[in-house]
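Chain A is the first sequence line, chain B the second, and so forth, proteins listed ahead of strands; every chain is numbered from 1.
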Amino acid sequence: MSLQIFNTETGSKEIFKSIDENKVGIYVCGMTVYDFCHIGHARVMVVFDTIVRHLRNLGYEVNYVRNITDIDDRIINRALENKEDIQTLTARFIDAMHEDEKALNVLCPDEEPRATDNIQEIEVMITKLVDKGHAYQADNGDVYFSVKSANEYGRLSGKNVDELDAGARVEINVAKKDPLDFVLWKSAKANEPAWNSAWGNGRPGWHIECSAMATKCLGNHFDIHGGGMDLTFPHHENEIVQSECATGEKFVNTWIHCGFVRIDDEKMSKSLGNFFTIGEVIKKYHPEVIRYFLLASHYRSPVNYSTENLDLAKASISRLYSALELVKPREECIENSIFEKQFIVAMNDDFNTPQALSVLFELAKEVNKTNSKGLATLLKKLANQIGLLEQEATIFFKSQPSNSKFTEHKILSLIAERAEARKNKKFSRSDEIRDELLKNKIELLDSSEGTSWRRT
RNA sequence: GGUGGAAUAGCAAAGUGGCUAUGCAGUGGAUUGCAAAUCCAUCUACCUCGGUUCGACUCCGGGUUCCACCUCCA
């Protein structure tokens, strides 16, 4: 069965066919680097990382481009608040973002273009739009895209231009000829960072940078464009209209949008204070637990962040790792099994990771039952395809975030003492040691080969 | 108001016109000095009202509730 992807533009699953036989170009809207990444950003990172991994597993040569927005009103404001210069601020958050990605086992995009490195490309595109009569410079110096100059607008988000017009927020912006028009180039105010251009000193608007960088890296017409659902309108709609007006070609074949993260069934927002950064969550949950949590729901569904759900994710991934702890995956992998086939079918069905995970659980059960190292190797191999189970099981269990003061050395000495007590049938002492460790969230597992431990 | 999406067992979450999803939790058993892990068995489902059908949780229509976007947002 071939890969099917839900395309936002058509609202249905479509059989995926790349423009070039074995190559896929994919562009994902990345972060605006004025703050730490939160769990919603984590979802975009993990979801598209998983999508790219699967495309590669299918044999495609993928060019994965994810931009960094490093110039924007929020960045300027934040730098002003912090009394630091913009480069220092953005460099700091870009580093933090890369740290987060590494923790979540998100592979680096092939290209990570930054808006400020592509001002020239942006200028060229705006010039084309002005020359073709799709953009104009207003009295305030800003350059706007004229939405009504385009043949069509709204096909991605299903918006109707007339309805939009009627419902447009009343905004006092006399410079725009039409409230729907959006800015391509913002003229600089005093003390704002600016680049010289045909329209005077200024900086790019938000939407145009993605059009310029995407077409630069992937060509005028490419396979997949993605991002969070909230970008569908207006950001991606605007990207389509300005790109197609500038190039005269179709912009993107398949649009992929991932759903939101909610927190305790409330909309995540800073004003409500229910906003968690990746860094914060990693202190409480192993990053692989977070990755599992994000993949345990389909990428288009909303996902609810809560300690209950993170705990569930932890229990689930622990079950998979338990199988690999019991049966070490060090053998030739079993090929062409029903498990592998089902796994691929699930992933080919619009990247159905929950379904794929259920196959892994069935496989884990089989590993536990049969002690087959070949099946354990298969379990690891399939899980690796979605960025899971890459570490040693024992390391996973021992590296759970913990407040416990018990060092490994201390734990091992207690285990030794307990072994001695058990040998002498002093079970009250051995149970005492187990209870003490358990209070510190350390669990002991006895087997014929001795006693192992894990943090819970 | 407009547009789009969703309602599945205690919790989470897939899926299918008739056949156990899956994970966690619960119950009974095996195993264990006791546990844990593991295995076996097992209890809880498909918002509501109609329709189509031999048969619908699955298709169609009406309702109810919820969510997102329409403004910066992943």
(request) Look at the side chain of A:Ala315 and decide which nucleotide, out of B:G15, B:C24, B:A12, has an atom nearest to it. (result) B:C24
(request) Kindly say whether, by distance alone, the side chain of A:Asp446 makes a donor-acceptor pair under 3.5 Å with the base of B:C34? (result) yes
(message) Starting the side chain at C-beta, find the nucleotide from B:U22, B:A14, B:G2 nearest to A:Ser297.
(response) B:A14
(message) Using whole Å, what does the distance between atom C1' of nucleotide B:G33 and atom CG of A:Asp431 come to?
(response) 8 Å
(request) Kindly state whether the ring of A:Phe251 and the ring of A:Phe222 have centres lying under 6.0 angstrom apart. (result) yes
(message) Do A:Glu14 and A:Thr254 pair up side chain to side chain, a donor and an acceptor below 3.5 Å, judged on atom types alone?
(response) no
(message) Looking at A:Asn352, I'd like to know whether one of its side-chain N or O atoms comes within less than 4.0 Å of OP1 or OP2 on B:A14.
(response) no
(request) Just call it for A:Asn160: base, sugar-phosphate, or nothing, with non-hydrogen atoms closer than 4.0 Å on any strand. (result) nothing
(request) Report the distance from atom CD1 of A:Ile39 to atom P of B:A74, rounded to the nearest whole Å. (result) 14 Å
(message) Looking only at the side chain of A:Lys369 (C-beta and beyond, no hydrogens), which of the listed nucleotides B:A37, B:A74, B:C39 gets closest?
(response) B:C39
(message) Do A:Tyr299 and A:Asp350 pair up side chain to side chain, a donor and an acceptor below 3.5 Å, judged on atom types alone?
(response) yes
(request) Calculate the interatomic distance between A:Arg454 atom CZ and B:A37 atom C1'; express it in whole Å. (result) 6 Å
(request) Find which nucleotide of RNA chain B each of A:Ser358 and A:Phe427 is nearest to by heavy atoms, and output the residue with the more 5' nucleotide. (result) A:Ser358
(request) Return the nearest nucleotide to the side chain of A:Trp206; candidates are B:A12, B:C72, B:A21. (result) B:C72
(message) Looking at the base of B:G5, is there any donor atom on it, or on the side chain of A:Arg300, that sits under 3.5 Å from an acceptor on the other one?
(response) no
(message) Using the side chain to side chain contact (heavy atoms under 4.5 Å, CB included) definition, which of the options A:Ile344, A:Ile15, A:Asn348 pairs with A:Leu3?
(response) A:Asn348
(message) Mind checking if A:Ser301 touches a base, just sugar-phosphate, or nothing, with heavy atoms under 4.0 Å?
(response) sugar-phosphate
(request) Name the closest nucleotide to the A:Gln355 side chain, picking from B:A21, B:C34, B:C70. (result) B:A21
(message) Closest approach to the side chain of A:Arg434, judged atom by atom: which nucleotide of B:A12, B:C34, B:U38 is it?
(response) B:C34
(message) By nearest atom, which of the nucleotides B:A74, B:C39, B:U22 is closest to the A:Lys365 side chain?
(response) B:C39
(message) Rounded to whole Å, how long is the line connecting atom NZ of A:Lys425 with atom P of B:U32?
(response) 13 Å
(request) Mind checking A:His38 for me? I need base, sugar-phosphate or nothing, with any heavy atom below 4.0 Å counting as a touch. (result) base
(message) What contact category does A:Gly259 fall into here, base, sugar-phosphate, or nothing, at under 4.0 angstrom with non-hydrogen atoms?
(response) base
(message) So, does A:Thr232 get its side chain near the phosphate of B:C70, meaning an N or O under 4.0 Å from OP1 or OP2?
(response) no
(request) From the options B:U38, B:C73, B:C70, select the nucleotide whose nearest atom is closest to the side chain of A:Asp230. (result) B:C73
(request) Name all stems that contain residues of RNA chain B, defined as runs of 3 or more consecutive Watson-Crick or G-U wobble pairs, both distances under 3.5 Å. (result) B:1-7 with B:64-70, B:10-12 with B:22-24, B:26-30 with B:38-42, B:47-51 with B:59-63
(message) Go nucleotide by nucleotide along RNA chain B from the 5' end; which of A:Tyr299 and A:Phe361 gets its closest nucleotide reached first?
(response) A:Tyr299
(request) Kindly point out which of B:C39, B:A14, B:A74 is positioned nearest to the side chain of A:Arg319? (result) B:C39
(request) Would you please confirm or rule out a distance under 4.0 Å between OP1 or OP2 of B:A36 and any side-chain N or O of A:Trp453? (result) no
(message) Nearest to the A:Arg422 side chain among B:A74, B:G33, B:G2, which nucleotide is it?
(response) B:G33
